[in-house]
Amino acid sequence: MYDQAREQYATLGVDTEAALERLSKIPVSIHCWQGDDVGGFENPDGQLGSGLAVTGNHPGKARTPDELRSDLEKALSLIPGDHRLNLHAIYLETDTKVERDAIETRHFQGWIDWCKSQNLGLDFNPSCFAHPLADSGLTLASPDDGVRRFWIDHCKACRVIADDMGAQLGDKTVTNIWIPDGYKDTPADRMAPRQRLKASLDEVLASPTPNNLDAVESKLFGIGSEAFVVGSHEFYLGYAAEKQIVLCLDAGHFHPTEMISEKISSCLLYVPELLLHVSRGVRWDSDHVVTLSDELQAITREIVANRVEDRVHIGLDFFDASINRVAAWAIGVRNTLRGLLIGLLEPTDRLRAAELEGDYTTRLALQEEMKSFPIGAVWDEYCKRRSVPVGPAWLDEVRSYEDTVLSKRS
Ligand code: RNT
Ligand code: ZN
């Protein structure tokens, strides 16, 4: 089937071997927080808050770092290619309570060593939620000096750790700052919170971190911050452009008809690099598991068609506790890779030549014909070559892991 597919793609000048070679070099940053419903190990049963919500109670959630790593290893065995782990600060390992403004690299050494053993890059995130000092709804933008100081120090500590992670792994860490700050109802002052956020970020980012890349993530609204979010898209686009840092675009953080696929080419003219939080909102920023949707394909297509995979870090951001969590990872990451492959198998040169000639008929005709080209045969070949299950066979592996491991967890 693969040989036939290769010939069919070749009729349009598409080289499937070159596409698979490029696909194998694009890492996806796999978010640890799908594995335990954004619980972390600081206070796993505490309230998430800050507008983050996970629904479902599928049995078998990871309760310890070892369980989470075991689940990730199972997921990774179902996913072709070399990827990255995306870790939040609340996933620290410690026997005694450590406050978030006092975390150190040693609290993450277990993760660093594990990433090394698994040949994974590592990305990091300050956790500015699920904490009493985030209960007011304001962190880096808080008018309370003590609260603001605590979160500044937390973010600074995270950058030091991230820089160590990057140095130890010989591969830069991307550290993404997302804060929940906002108001439920109409603000009397929209400017001052943004001035405070800007000043806080300036302090957080003041010291150089050669093995770390800083990213900032905007949001439109959250539960409890429906009327106003301090870190809006305009705020962070301006900030990232001014500081020449990484801008994070989360697919669920815009108006429902506003697509991040459309923003990539514009933002890359002004910021050096992008981080994507590939997610799927259903009616709101619901963080559903990523499916092979039109928008996913549009996002991945923009990356590869413009050959900007070196400037766009692909991260995932969904959390579904209503299905098997290992399966959720497998579905979301495999879809993201299939989206990339569909983009890589596009006859982009032909489409662009037709476009430049004003031949929009050919452009539309080819775009539509590609939809029934045999992507599945090329994808199956990739899975086979990378020694991961072909087709739905991966589900059998998840089922047996559920029987032997997950079902034993109370
Ligand atoms: C929240 C942001 C943020 C979080 C994770 C846990 O709206 O999308 O990225 O989902 O950091
Ligand atoms: Zn996000």
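Every number for a ligand or one of its atoms is a count from 1 in the order of the listing. Please read all numbers here as calculations on a predicted model, not as lab measurements.
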- [ ] Output yes when the distance from some N or O of ligand 1 to some N or O of Asp250 is under 3.5 Å, and no in every other case.
- [x] yes
- [ ] Have a look at His277, His88, His253 and point out the one with the heavy atom closest to atom 6 (C) of ligand 1.
- [x] His88
Open item on the list: side chain to side chain donor-acceptor pair (under 3.5 Å) for Thr291 and Asn335? Distances and angles first, verdict last.
Closed with: CA-CA 6 Å; Thr291 55; Asn335 277 334; 5.7 Å; no
- [ ] Measure the distance from atom 9 (O) of ligand 1 to every protein heavy atom, then report the residue, atom name and distance (to 0.1 Å) of the closest one.
- [x] Glu217 OE1, 2.7 Å
Open item on the list: I'd like to know if Lys263 and Glu302 make a salt bridge, using a cut-off of under 4.0 Å between side-chain N and carboxylate O.
Closed with: no
Task: Residue portion contacting ligand 1 (non-hydrogen atoms closer than 4.0 Å) for Leu52 - done: side chain
- [ ] Can you run down the salt bridge (Lys or Arg N to Asp or Glu O under 4.0 Å) pairs that involve residues 117-136, sequence neighbours left out, and say none if there aren't any?
- [x] Arg84-Asp123
Open item on the list: Before you tell me yes or no, could you show the steps for His88 and Trp178 under ring-ring contact (aromatic ring centres under 6.0 Å, His included), namely the whole-Å CA-CA distance, both residues' side-chain angles and the distance that decides it to 0.1 Å?
Closed with: CA-CA 11 Å; His88 245 286; Trp178 170 74; 8.1 Å; no
Open item on the list: Going by salt bridge (Lys or Arg N to Asp or Glu O under 4.0 Å), name the pairs with one or both residues in residues 388-410, residues two or more places apart or in two chains.
Closed with: Glu67-Arg409, Asp71-Arg409, Lys74-Glu397, Arg399-Glu402
TODO: Give me the ring orientation class for Tyr239 and Phe235: parallel if the planes are under 30° apart, tilted from 30 to 60°, perpendicular past 60°.
DONE: parallel
Open item on the list: Suppose the cut-off is 2.8 Å; which protein N/O/S atoms would you list for the Zn ion (ligand 2)?
Closed with: Glu217 OE2, Asp250 OD2, His277 ND1, Asp317 OD2
- [ ] For Lys219, take its heavy atoms, then give the atoms of ligand 1 lying under 4.0 Å from any of them.
- [x] 1 (C), 7 (O)
Open item on the list: Ring of Trp151, cation from Arg100 - is the NZ or CZ under 6.0 Å from the centre and inside 45° of the axis?
Closed with: no
TODO: Answer yes or no for Asp317: is there a heavy-atom contact with ligand 1 below 4.0 Å?
DONE: yes
- [ ] Just grab all the salt bridge (Lys or Arg N to Asp or Glu O under 4.0 Å) pairs involving residues 308-321, residues at least two apart or on different chains.
- [x] Arg22-Glu309
Open item on the list: side chain to side chain donor-acceptor pair (under 3.5 Å) for Thr348 and Glu346? Distances and angles first, verdict last.
Closed with: CA-CA 5 Å; Thr348 307; Glu346 178 193 87; 2.6 Å; yes
